[in-house]
There are 2 protein chains.
Amino acid sequence: MAYDDSYKFKKVISIGIVSELTGLSQRQIRYYEERKLIFPDRSKGIRKYSFADVEQLMDIANKREEGVTTREIRNEMTKEIRQKMLQGQMNAHFRFRA
Amino acid sequence: MAYDDSYKFKKVISIGIVSELTGLSQRQIRYYEERKLIFPDRSKGIRKYSFADVEQLMDIANKREEGVTTREIRNEMTKEIRQKMLQGQMNAHFRFRA
DNA sequence: CGTGTAAGGAATTCTGACACG
DNA sequence: CGTGTAAGGAATTCTGACACG
């Protein structure tokens, strides 16, 4: 982890390939971006995704199938981020203690 | 290794991005393919590269700068493959021996 | 709300060729 | 041999909108 991570987070994949990889339509992928569930980079207006984005989209697809709305998914994401930031603070505090 | 490898070897990157990543021109990248140094997949005629291909291209770029010809690079690659196949046979023979 | 589709335009990629050397 | 470039065409992607619900 952390070195090969470059691959996972590098935004290099265009939407057509992401569509093939996830099974989602390009319309769906763009809509999830509109709903702030996914954040591709842009290269001259053209969206570029990472493998991490692809994974994220597969999670979204699963939740949507279960009937979870984009708003709910968005809320869950926000919570998870909150958790991770807290975790980060905890680590900063106790790393050299225990 | 082996699980996250999926990212490294998945052919999902188009030539424009590969060009940005490697600093090579599209012309050069296509030429190295013509010389059998690199083997992208095709999606409706459009070349798709993996991160492994990108690394390979950076190696090629370095060798070219040193004045190594594409033919020589090709020969070196062939030798390396030969080595690895031999290594594979060795492993198959002695894995459960030592 | 979530997704499909037709529409017109902009950006990307492809090949074969000519050029230089 | 290795790489640049102009040329014309094909495939991709983009946005805003209408549709259904």
Side-chain angles (χ1 to χ4, degrees), chain A residues 10-79, chain B residues 10-79:
Chain A
K10 209 140 203 175
K11 309 245 180 185
V12 297
I13 315 176
S14 50
I15 199 168
I17 298 288
V18 174
S19 176
E20 285 179 24
L21 257 32
T22 60
L24 294 167
S25 69
Q26 299 191 8
R27 181 68 166 100
Q28 289 175 305
I29 297 168
R30 294 198 188 101
Y31 180 66
Y32 298 152
E33 178 182 358
E34 188 183 321
R35 300 312 309 274
K36 313 281 189 191
L37 302 184
I38 197 83
F39 306 93
D41 276 359
R42 296 271 184 151
S43 174
K44 278 203 226 169
I46 293 186
R47 274 169 270 248
K48 296 299 175 187
Y49 303 84
S50 66
F51 281 111
D53 291 330
V54 171
E55 287 187 4
Q56 173 72 13
L57 282 167
M58 294 178 112
D59 281 353
I60 293 170
N62 289 333
K63 288 184 183 161
R64 284 292 303 125
E65 278 182 42
E66 294 167 21
V68 185
T69 65
T70 58
R71 169 154 284 290
E72 290 165 330
I73 296 172
R74 170 74 181 149
N75 288 340
E76 286 174 32
M77 283 177 56
T78 306
K79 280 180 198 164
Chain B
K10 210 142 201 171
K11 309 243 180 187
V12 296
I13 315 176
S14 50
I15 198 167
I17 297 289
V18 174
S19 176
E20 287 179 24
L21 258 33
T22 60
L24 294 167
S25 69
Q26 299 191 9
R27 180 69 165 98
Q28 289 174 306
I29 297 168
R30 294 197 188 100
Y31 180 65
Y32 298 152
E33 177 182 357
E34 189 183 320
R35 300 310 309 272
K36 313 280 190 193
L37 301 183
I38 197 80
F39 306 92
D41 275 2
R42 296 271 182 150
S43 174
K44 277 202 226 169
I46 294 185
R47 274 169 268 249
K48 297 298 175 187
Y49 303 83
S50 66
F51 281 112
D53 291 331
V54 171
E55 287 188 3
Q56 172 73 14
L57 282 167
M58 294 178 112
D59 280 354
I60 294 170
N62 289 333
K63 289 184 182 160
R64 283 294 301 126
E65 278 181 41
E66 294 168 22
V68 185
T69 66
T70 58
R71 169 154 283 291
E72 288 166 332
I73 296 173
R74 172 72 180 151
N75 287 339
E76 287 174 32
M77 284 178 56
T78 306
K79 279 179 197 165

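Residue numbers start from 1 in every chain, and the chains themselves are labelled A, B, ... in the order their sequence lines are given, proteins ahead of strands.
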Would you mind telling me which residue lines up with the more 5' stretch of DNA chain D, B:Arg27 or B:Lys48, judged by nearest nucleotide? B:Arg27
Measure from the side-chain heavy atoms of [X] and tell me the nearest of [options].
X       : options               : value
A:Arg42 : D:dG2, D:dT15, C:dT12 : D:dT15
A:Thr70 : D:dG2, C:dC14, C:dG2  : C:dG2
A:Arg64 : C:dT13, C:dT3, D:dT15 : C:dT3
B:Gln28 : C:dT13, D:dG4, D:dT13 : D:dG4
A:Ser14 : D:dT13, C:dT3, D:dG4  : D:dT13

Rounded to whole angstroms, how far apart are [atom1] on [X] and [atom2] on [N]?
X       : N      : atom1 : atom2 : answer
B:Ile73 : D:dG2  : CD1   : C1'   : 11 Å
A:Glu20 : D:dA11 : CD    : C1'   : 13 Å
B:Ile29 : D:dT3  : CD1   : C1'   : 13 Å
A:Ile46 : D:dT15 : CD1   : C1'   : 13 Å
B:Glu65 : D:dG2  : CD    : P     : 15 Å
B:Glu34 : C:dA17 : CD    : C1'   : 12 Å
A:Ile15 : C:dT13 : CD1   : P     : 16 Å
B:Gln26 : D:dT3  : CD    : C1'   : 13 Å

Give a yes or no on whether the backbone of [Y] and the side-chain of [X] come within a donor-acceptor separation of less than 3.5 Å.
X       : Y       : value
A:Thr22 : A:Leu24 : yes
B:Thr69 : B:Glu72 : yes
A:Gln28 : A:Ser25 : yes

Apply the test side chain to side chain donor-acceptor pair (under 3.5 Å) to residues A:Ser50 and A:Asp53: give CA-CA distance (whole Å), side-chain angles for both, the deciding distance (0.1 Å), then the verdict. CA-CA 5 Å; A:Ser50 66; A:Asp53 291 330; 3.2 Å; yes
Think [X] has a side-chain N or O under 4.0 angstrom from the OP1 or OP2 of [N]?
X       : N     : answer
B:Arg30 : D:dG2 : no
A:Tyr31 : C:dG2 : yes
A:Tyr32 : C:dT3 : yes

Could you identify the nucleotide paired to D:dA10, looking across every strand shown and requiring Watson-Crick or G-U wobble geometry with both distances under 3.5 Å?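 Looking at the geometry, D:dA10 pairs with C:dT12.
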Who is the Watson-Crick or G-U wobble partner of D:dC18, with both distances under 3.5 Å? C:dG4
Counting the atoms with a prime plus P, OP1 and OP2 as sugar-phosphate, which does B:Arg35 contact under 4.0 Å by heavy atoms, base, sugar-phosphate, or nothing?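 Since only primed, P, OP1 and OP2 atoms lie under 4.0 Å of B:Arg35, the category is sugar-phosphate.
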Contact check, side chains of A:Arg64 and A:Tyr32, non-hydrogen atoms, under 4.5 Å: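 A:Arg64 vs A:Tyr32: side chains touch.
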By nearest heavy atom, map A:Ser43 and A:Thr69 onto DNA chain C; which one lands nearer the 5' end?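 Here A:Thr69 is the residue nearer the 5' end.
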Let me know, please, whether A:Arg71 or A:Lys44 comes out on the 5' side of the other along DNA chain C by nearest nucleotide.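 Nearest nucleotide further toward 5': that of A:Arg71.
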Would you mind telling me which of A:Arg35, A:Glu34, A:Arg27 makes a side-chain hydrogen bond (donor to acceptor under 3.5 Å, both in side chains) with A:Tyr31?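 Running side-chain hydrogen bond (donor to acceptor under 3.5 Å, both in side chains) over A:Arg35, A:Glu34, A:Arg27 with A:Tyr31 returns exactly one hit, A:Arg35.
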